[in-house]
*Asks:* 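First the structure, which I've put down as structure tokens, then a few questions once you've had a look.
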Amino acid sequence: MPSGYPFKEIEAKWQRYWQRHRIFNVSPDAARPKYYCLEMFPYPSGKIHMGHVRNYTIGDVVARFKMMQGFNVLHPMGFDAFGQPAENAAIKNKADPGEWTHKCIDWMRNELKQMGFSYDWEREVSTCLPEYYRWNQWIFLQMLEKGLAYKKSSAVNWCPSCLTTLANEEVVNGGCWRCSTAVAQKDLEQWYLKITDYQDRLLEDLKQLKYWPERVITMQENWLGKSWGVEIYFREETTGEIIPVFTTRVDTIFGATYIVLAPEHPLVDKLIKDRPQEKKVRAFIEKVRKETRTIRSATDVKKEGVFSGAYAVNPVNNEPVPIWVADYVLMEYGTGAIMAVPAHDQRDFLFAKEHGLPMRVVIKNLEAARFAEREARRGSWKPEEMTEAHEGDGIQVNSGQFDGLPNTVAKEKIAAWMEETAIGKKTTNWRLRDWLISRQRYWGTPIPVIYCDHCGSLPVPEKDLPVLLPKKVKISGEGGSPLSQVKEFVKTKCPKCKGKARRETDTMATFFDSSWYFLRFCSPKNDKEVFYKKEVAYWMPVDQYVGGIEHAVLHLLYSRFFTKFLKDTGWVNFEEPFKRLLTQGMVLKNGEVMSKSKGNIVDPDEIIQKYGADTLRLAMLFAAPPEAEIDWADKGLEGAWRFLNRVWRLAEESLRLEAGGCPLRRARSEARKLEGGSVLDLRRKTHETIKKVTEDIEKEFKFNTAISAIMELVNQVYSLQFTVYSQEVKEAIEAVVILLSPFVPHIAEEMWEKLGYKESILKNPWPKYNPEILKQDIVSLVIQVNGKMRSRIDVSADIKEEELKKLVLADEKVKKWIQDKAVKNFIVVPGRLVNVVV
RNA sequence: GGGCGAGUGGUGGAAUGGCAUACACGCUGGACUUAAAAUCCAGUGGCCGUAAGGCUGUAAGGGUCCGACUCCCUUCUCGCCCACCA
């Protein structure tokens with residue numbers, strides 16, 4: 001253990017002090033401006049990791065900074081405690097998920113306290129407690145009533161390893177977001193939330209989020225995936241069935257030479273009936289069904305398909321086109337049917353080549369067209385010889401009355417014409433699907449629904465909430481909802497006819513729990529309502545939210561949806577929950593994510609034992625700007641530790657000087673005589689530092705440069721080498737302590753006390769710089785000749801250009817570079833530089 | 001395949017039109033010490049030069065500008081997101 005300042009006693013002392021004086025316990029106060037600072041609450045996995053340390057340290061700096069600026073700061077913490085890992089751990093260790101989770105929570109809470117974070121622990125929530133999840137159930141019932149929660153049977157994402165369903169948002173690269181196992185499709189009856197009812201507002205209101213990172217906005221836009229196009233109605237020749245297809249490239253409609261249905265398309269059955277192709281098509285569909293999503297969506301796999309035997313009529317030219325069934329068309333997107341334009345879509349192109357289907361060029365790229373014409377005259381070019389589809393813009397050809405138009409113009413005209421003639425309809429299409437929320441797992445919120453043979457499916461009456469999750473349930477891990485094995489749970493009375501009934505045995509996805517926890521923090525003990533409207537109106541929206549980028553489309557989209565729903569039902573008075581968002585970068589080790597299997601875990605607890613929480617906090621913040629990745633190196637700790645000791649000695653030394661026969665007043669006059677210049681410089685440096693640190697924290701969270709500015713100030717005090725002690729030195733040292741306090745709160749409190757202050761440093765207002773002191777009478781100007789730095793002169797700040805020119809041209813070094821050349825231009829950037837162009 | 005972002009010393013990074021490399025790590029040297037650690041001080045992009053000083057340098061190439069790490073174009077590399085999305 002390195003020797004240095006006694007961090008252990010100091011950190012324990014101030015953590016006790018904050019708790020005893022209830023410094024972070026807040027309540028609404030109309031007299032003060034509020035500030036809600038929130039970090040994404042953790043999943044209680046056991047121990048905190050370096051990612052938590054970073055996330056919560058960033059939030060803590062902001063919260064403490066705002067407190068010192070006089071804001072009434074709400075800074076809560078809780079635990080996202082339901083979920084699969086607890087259940088998996090329980091299966092593995094034959095323990096109870098509840099007990100395991102509570103043990104983890106206790107451990108983590110203790111670690112978070114050791115980091116000195118400024119949380120109001122009286123507001124702690126855990127989503128696995130009935131006093132929390134009963135409101136999950138309540139919100140679910142509100143949604144059920146409004147028709148936003150519904151049950152339907154359809155193909156769902158199924159993780160064969162976790163043995164549960166997954167939301168679309170939880171499928172990453174065709175695999176389960178948790179265990180990466182390839183996701184399969186399964187037909188199941190499941191609960192959904194109609195998030196698609198909110199798609200327009202979810203997209204539109206992204207514009208309001210001016211203080212969100214561009215990346216996250218783009219990711220949400222992509223996820224919502226709005227695109228405009230045309231639904232075109234093809235008619236099947238023998239049955240007369242209308243087959244709508246969706247396209248964003250209606251300009252290529254004249255080049256459609258076949259259409260393709262997804263294997264799951266409901267019309268397929270009817271179309272193939274009694275045709276010679278029937279057997280072959282059915283065999284093909286059966287084969288596709290068995291494929292996992294990963295295999296089916298792999299780009300390098302050859303597109304497979306079969307001819308259905310049926311033909312449809314292209315409504316723009318009444319041409320019959322063959323109907324195919326192929327695996328590259330997805331039922332979930334658009335209408336589940338496409339018009340294929342092999343000349344202008346690469347996938348169609350490859351498919352057409354493979355199966356010998358015709359191609360027709362309808363958009364000509366001018367250069368390609370010239371080439372094609374020349375080759376055609378020679379008789380060597382045929383469309384069949386195209387090597388790839390032309391997907392870019394060009395001029396319409398073979399397109400009836402639209403020939404000669406640029407395709408971008410034709411697109412609009414064709415769409416309008418189709419609407420007039422009822423061949424098609426302009427539509428917008430979304431990528432967003434409804435949110436599947438039921439899970440076949442134990443450790444979650446029971447879905448409050450009862451099934452009665454006579455009355456059907458009914459909501460649990462509000463007065464009967466919460467539907468308690470039974471304890472001591474056997475979890476086999478062998479699939480099926482564990483709750484369905486608990487007879488006492490399943491068996492219930494119908495709320496309507498009082499007859500025998502069954503409970504729903506699926507539980508809610510945990511993302512449901514975290515979609516509104518920030519509202520619960522405003523009145524966490526309310527047992528009458530989901531939250532007090534008044535308290536939410538005071539604290540919300542969250543002014544600053546800090547968390548990982550991995551939630552860009554999951555939690556952050558769901559929370560926005562919940563907020564909008566609660567706005568519509570009159571519970572909140574705002575549309576967006578999070579005003580400002582900071583997504584911190586990951587903490588890596590040797591360029592890799594830390595994980596047990598890689599054996600590259602850095603344990604924060606060990607660092608706290610060795611150096612203390614302040615050193616860890618400082619090292620983390622100083623390593624990189626918050627959004628950037630950090631490749632963790634323990635070396636950074638040494639630097640932070642050294643710096644804190646340097647500051648510690650500075651304060652001690654100054655106190656010794658002040659106490660030991662160096663009274664300030666006398667020292668001041670002597671100091672002026674001896675070191676007047678450097679003492680005045682110190683004063684300016686102090687105020688420059690206050691300005692820089694304040695702006696760095698406030699504007700862009702540039703904690704790394706804020707800290708480096710404080711280091712510079714410390715270096716400057718050291719450069720006086722204690723030859724002087726004066727009011728200016730005292731001012732500098734106090735500024736260092738205050739400015740450091742949001743970053744390293746324990747040591748700052750201790751030094752503040754040593755400097756003679758009786759109250760917590762948090763009660764001291766954040767310092768303001770004095771602009772008068774920043775003004776300089778003499779400024780040093782850089783002199784360039786032809787843009788190259790050649791000299792530097794000191795001039796008075798308000799010098800006139802004429803006089804400056806004289807001085808510059810008289811400068812020896814400048815003369816040397818100009819010699820006898822004529823001065824063409826003389827550029828002055830006031831207070832900065834002069835460029836002489838010759 | 002599409003979209004977004006990044007590329008600066010030995011290392012983390014700073015500067016977003018005006019002194020490139022702040023601050024820190026590392027390294028080298030010095031002071032203190034019997035010695036070491038700790039601490040304090042100095043030096044530290046490359047090349048030429050005893051020095052003064054000069055040249056050069058922000059992935060590569062080009063452009064705009066009095067002046068470009070910063071803006072524009074082309075190329076390369078890396079990262080992230082989306083993707084049989086019609």
Side-chain angles (χ1 to χ4, degrees), chain A residues 2-4 172-174 213-223 225 227 229 245-250 252 256 259-260 262 296-303 326-330 332-341 344-348 350-351 391 429-431 549-550 552-553 585-586 591 618-619 622-625 627-640 642-643 645-646 649 702 704-712 714-715 718-719 721 780-792 813 824-829 831-838:
Chain A
S3 64
V172 180
N173 292 330
E214 199 50 51
R215 285 175 70 193
V216 177
I217 301 273
T218 313
M219 281 163 74
Q220 292 214 356
E221 277 170 1
N222 289 343
W223 191 263
S227 59
V245 305
F246 174 77
T247 181
T248 55
R249 288 295 305 273
V250 71
T252 65
I259 70 174
V260 189
R296 212 176 142 185
S297 63
T299 39
D300 48 351
V301 171
K302 205 177 257 174
K303 319 300 178 211
D327 61 356
Y328 77 101
V329 174
L330 306 174
E332 313 91 88
Y333 188 78
T335 60
I338 63 154
M339 62 173 204
V341 187
H344 303 290
D345 180 283
Q346 188 62 17
R347 281 160 302 149
D348 297 342
L350 292 173
F351 192 80
E391 293 182 327
N429 199 31
W430 296 80
R431 214 186 71 99
I549 187 81
E550 67 272 19
V553 283
M586 293 210 291
L618 189 71
F622 186 61
E627 300 87 350
E629 271 179 3
I630 291 179
D631 199 348
W632 182 260
D634 287 335
K635 284 280 179 212
L637 286 170
E638 291 286 341
R642 216 145 42 195
F643 172 69
N645 276 293
R646 205 165 139 87
R649 286 191 300 271
K702 295 199 292 188
N704 57 332
T705 51
I707 293 164
S708 75
I710 302 171
M711 286 173 168
E712 282 186 50
V714 170
N715 288 347
Y718 262 82
S719 74
Q721 301 198 325
S780 177
L781 289 186
V782 167
I783 315 294
Q784 296 182 331
V785 179
N786 287 341
K788 292 210 171 187
M789 211 270 266
R790 294 303 181 190
S791 181
R792 157 196 302 282
K813 285 179 192 156
K824 273 200 229 154
N825 209 345
F826 191 84
I827 289 146
V828 181
V829 183
R832 282 179 174 271
L833 95 168
V834 171
N835 190 8
V836 186
V837 186
V838 295

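Within every chain, numbering begins at 1; the chains are lettered A, B, ... in the order of the sequence lines, protein sequences first and strands thereafter.
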*Asks:* Want to settle it: does A:Met339 or A:Asn835 sit nearer the 5' end of RNA chain B, counting the closest nucleotide to each?
*Replies:*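 Per heavy-atom nearest nucleotide, the more 5' residue is A:Asn835.
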*Asks:* Please work out whether the ring planes of A:Phe351 and A:Tyr328 are parallel, tilted or perpendicular, with thresholds of 30° and 60°.
*Replies:*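 The arrangement is tilted - the two ring planes meet at 30° to 60°.
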*Asks:* A side-chain contact here means heavy atoms from C-beta on lying under 4.5 Å apart; do A:Val216 and A:Ile549 qualify?
*Replies:*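 A:Val216 vs A:Ile549: side chains touch.
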*Asks:* Provide, to the nearest angstrom, the distance between the CD1 atom belonging to A:Ile827 and the P atom belonging to B:rG18.
*Replies:*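 Answer to the nearest Å: 14 Å.
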*Asks:* What interatomic distance, in whole Å, is found between C1' of B:rU34 and the corresponding atom of B:rC23?
*Replies:*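 Nearest-Å result for B:rC23 against B:rU34 at atom C1': 37 Å.
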*Asks:* Taking atom C1' in both B:rA20 and B:rG57, what distance in whole Å separates the two?
*Replies:*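 Per the computed distance, 9 Å lies between those C1' atoms.
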*Asks:* Identify the heavy atoms of A:Gly336 and A:Val329 that sit nearest to each other, and give their distance.
*Replies:*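 Here A:Gly336 and A:Val329 meet closest at O-CG1, 3.5 Å.
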*Asks:* Would you measure the distance from the C1' atom in B:rC4 across to the matching atom in B:rA86 and give it in whole Å?
*Replies:*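 24 Å, rounded to whole Å.
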*Asks:* Distance between the P atoms of B:rG45 and B:rC80, in whole angstroms?
*Replies:*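 The same atom, P, in both gives a distance of 34 Å.
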*Asks:* Any donor and acceptor pair, going by atom type alone, linking the side chain of A:Asn835 with main-chain N or O of A:Gly787 inside 3.5 Å?
*Replies:*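 A pair under 3.5 Å: yes.
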*Asks:* Mind checking if A:Asp345 touches a base, just sugar-phosphate, or nothing, with heavy atoms under 4.0 Å?
*Replies:*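 If one applies the 4.0 Å heavy-atom cut-off, A:Asp345 turns out to touch nothing in the nucleic acid.
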*Asks:* Taking A:Asn786 for the side chain and A:Val838 for the main chain, is one N or O donor matched with an acceptor at less than 3.5 Å?
*Replies:*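 Yes, A:Asn786 side chain to A:Val838 backbone: donor-acceptor pair under 3.5 Å.
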*Asks:* Within the structure provided, determine whether A:Arg249 and A:Asp345 are in side-chain contact (heavy-atom separation under 4.5 Å).
*Replies:*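 The answer is no; the side chains never approach within 4.5 Å.
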*Asks:* Considering only the C1' atoms, how many Å lie between B:rG17 and B:rU11, rounded to the nearest integer?
*Replies:*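 Pairwise C1' distance, B:rG17 against B:rU11, rounds to 29 Å.
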*Asks:* Rounded to the Å, how far apart are A:Ile630 CD1 and B:rG12 P?
*Replies:*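 From A:Ile630 CD1 to B:rG12 P: 13 Å.
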*Asks:* Considering only the P atoms, how many Å lie between B:rU21 and B:rC81, rounded to the nearest integer?
*Replies:*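 One P to the other, the span is 36 Å.
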*Asks:* Output the single nucleotide from B:rU56, B:rG54, B:rC85 whose closest atom is nearest the side chain of A:Arg347.
*Replies:*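 For A:Arg347, the side-chain atoms sit closest to B:rC85.
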*Asks:* Identify all pairs in which a protein N or O lies below 3.5 Å from an N or O of nucleotides 19-30 of chain B, and state each distance.
*Replies:*
residue: B:rC19; atom: O2; partner: A:Arg792; partner atom: NH2; Å: 2.4
residue: B:rC19; atom: N3; partner: A:Arg792; partner atom: NH2; Å: 2.9
residue: B:rA22; atom: O2'; partner: A:Glu712; partner atom: OE2; Å: 2.9
residue: B:rA24; atom: OP1; partner: A:Asn715; partner atom: ND2; Å: 3.2
residue: B:rC25; atom: OP1; partner: A:Arg642; partner atom: NE; Å: 3.2
residue: B:rC25; atom: OP1; partner: A:Arg642; partner atom: NH2; Å: 2.7
residue: B:rG26; atom: OP2; partner: A:Arg642; partner atom: NH2; Å: 2.9

*Asks:* Write down the distance between CG (A:Asn429) and P (B:rC85), rounded to a whole number of angstrom.
*Replies:*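 Between P of B:rC85 and CG of A:Asn429: 13 Å.
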*Asks:* Please report the closest heavy-atom contact between A:Ala340 and A:Asp348, naming both atoms and the distance.
*Replies:*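 That would be CA-OD2, 3.3 Å.
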*Asks:* Among the nucleotides B:rA86, B:rC81, B:rG13, which one has an atom lying closest to any side-chain atom of A:Met219?
*Replies:*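 In terms of side-chain proximity for A:Met219, the closest of B:rA86, B:rC81, B:rG13 is B:rC81.
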*Asks:* How far does OG1 of A:Thr705 sit from CD1 of A:Ile710, to the nearest 0.5 angstrom?
*Replies:*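 One gets 10.0 Å once the value is rounded to the nearest 0.5 Å.
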*Asks:* Which value, in whole Å, describes the distance between the C1' atoms of nucleotides B:rA59 and B:rG7?
*Replies:*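 That atom pair is separated by 6 Å.
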*Asks:* Using 0.5 Å steps for rounding, measure from the CD atom of A:Glu712 to the OG atom of A:Ser719.
*Replies:*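 The distance works out to 11.5 Å.
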*Asks:* What contact category does A:Lys813 fall into here, base, sugar-phosphate, or nothing, at under 4.0 angstrom with non-hydrogen atoms?
*Replies:*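 If one applies the 4.0 Å heavy-atom cut-off, A:Lys813 turns out to touch nothing in the nucleic acid.
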*Asks:* Just checking A:Val837: base, sugar-phosphate only, or nothing, at a heavy-atom cut-off of under 4.0 Å?
*Replies:*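 Sugar-phosphate, no base atom in range.
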*Asks:* Using the P atom as the reference point in each nucleotide, state the distance between B:rG61 and B:rG54 in Å, no decimals.
*Replies:*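 So the two P atoms sit 25 Å from each other.
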*Asks:* Classify the nucleic acid contact of A:Lys788 as base, sugar-phosphate or nothing, counting any heavy atom under 4.0 Å across all strands shown.
*Replies:*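 The answer is sugar-phosphate, as A:Lys788 gets under 4.0 Å only of primed atoms, P, OP1 or OP2.
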*Asks:* Detail all sub-3.5 Å separations between protein N/O atoms and N/O atoms belonging to nucleotides 42-46 of chain B.
*Replies:*
none

*Asks:* Using whole Å, what does the distance between atom C1' of nucleotide B:rA86 and atom CZ of A:Arg431 come to?
*Replies:*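 It works out to 14 Å between those atoms.
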*Asks:* Would B:rG30 be called syn or anti here, given the cut-off of 90° from 0?
*Replies:*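 In terms of base orientation relative to the sugar, B:rG30 is anti.
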*Asks:* Answer whether the closest heavy-atom distance between the side chains of A:Leu833 and A:Met789 falls below 4.5 Å.
*Replies:*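 Side chain of A:Leu833 against side chain of A:Met789, heavy atoms only: no contact under 4.5 Å found.
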*Asks:* For A:Asp348 and for A:Glu214, locate the closest nucleotide of RNA chain B by heavy-atom distance; then report the residue assigned to the nucleotide nearer the 5' terminus.
*Replies:*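 Looking at the nearest nucleotide for each, A:Glu214 comes out on the 5' side.
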*Asks:* Roughly how many Å is it from NZ in A:Lys824 to C1' in B:rC66, rounded to a whole number?
*Replies:*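 Checked: the NZ to C1' distance equals 10 Å.
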*Asks:* Considering Watson-Crick and G-U wobble pairs with both distances under 3.5 Å, what does B:rA52 pair with?
*Replies:*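 In the structure as shown, B:rA52 has no Watson-Crick or wobble partner.
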*Asks:* Give a yes/no answer on whether the side chain of A:Lys702 brings an N or O atom under 4.0 Å of OP1 or OP2 in B:rA15.
*Replies:*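 Answer is yes, contact under 4.0 Å.
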*Asks:* Looking only at atom types and distance, does a side-chain atom of A:Tyr718 sit under 3.5 Å from a main-chain N or O of A:Arg646, one as donor and one as acceptor?
*Replies:*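 Side chain of A:Tyr718 to backbone of A:Arg646, a donor-acceptor pair under 3.5 Å: yes, one is there.
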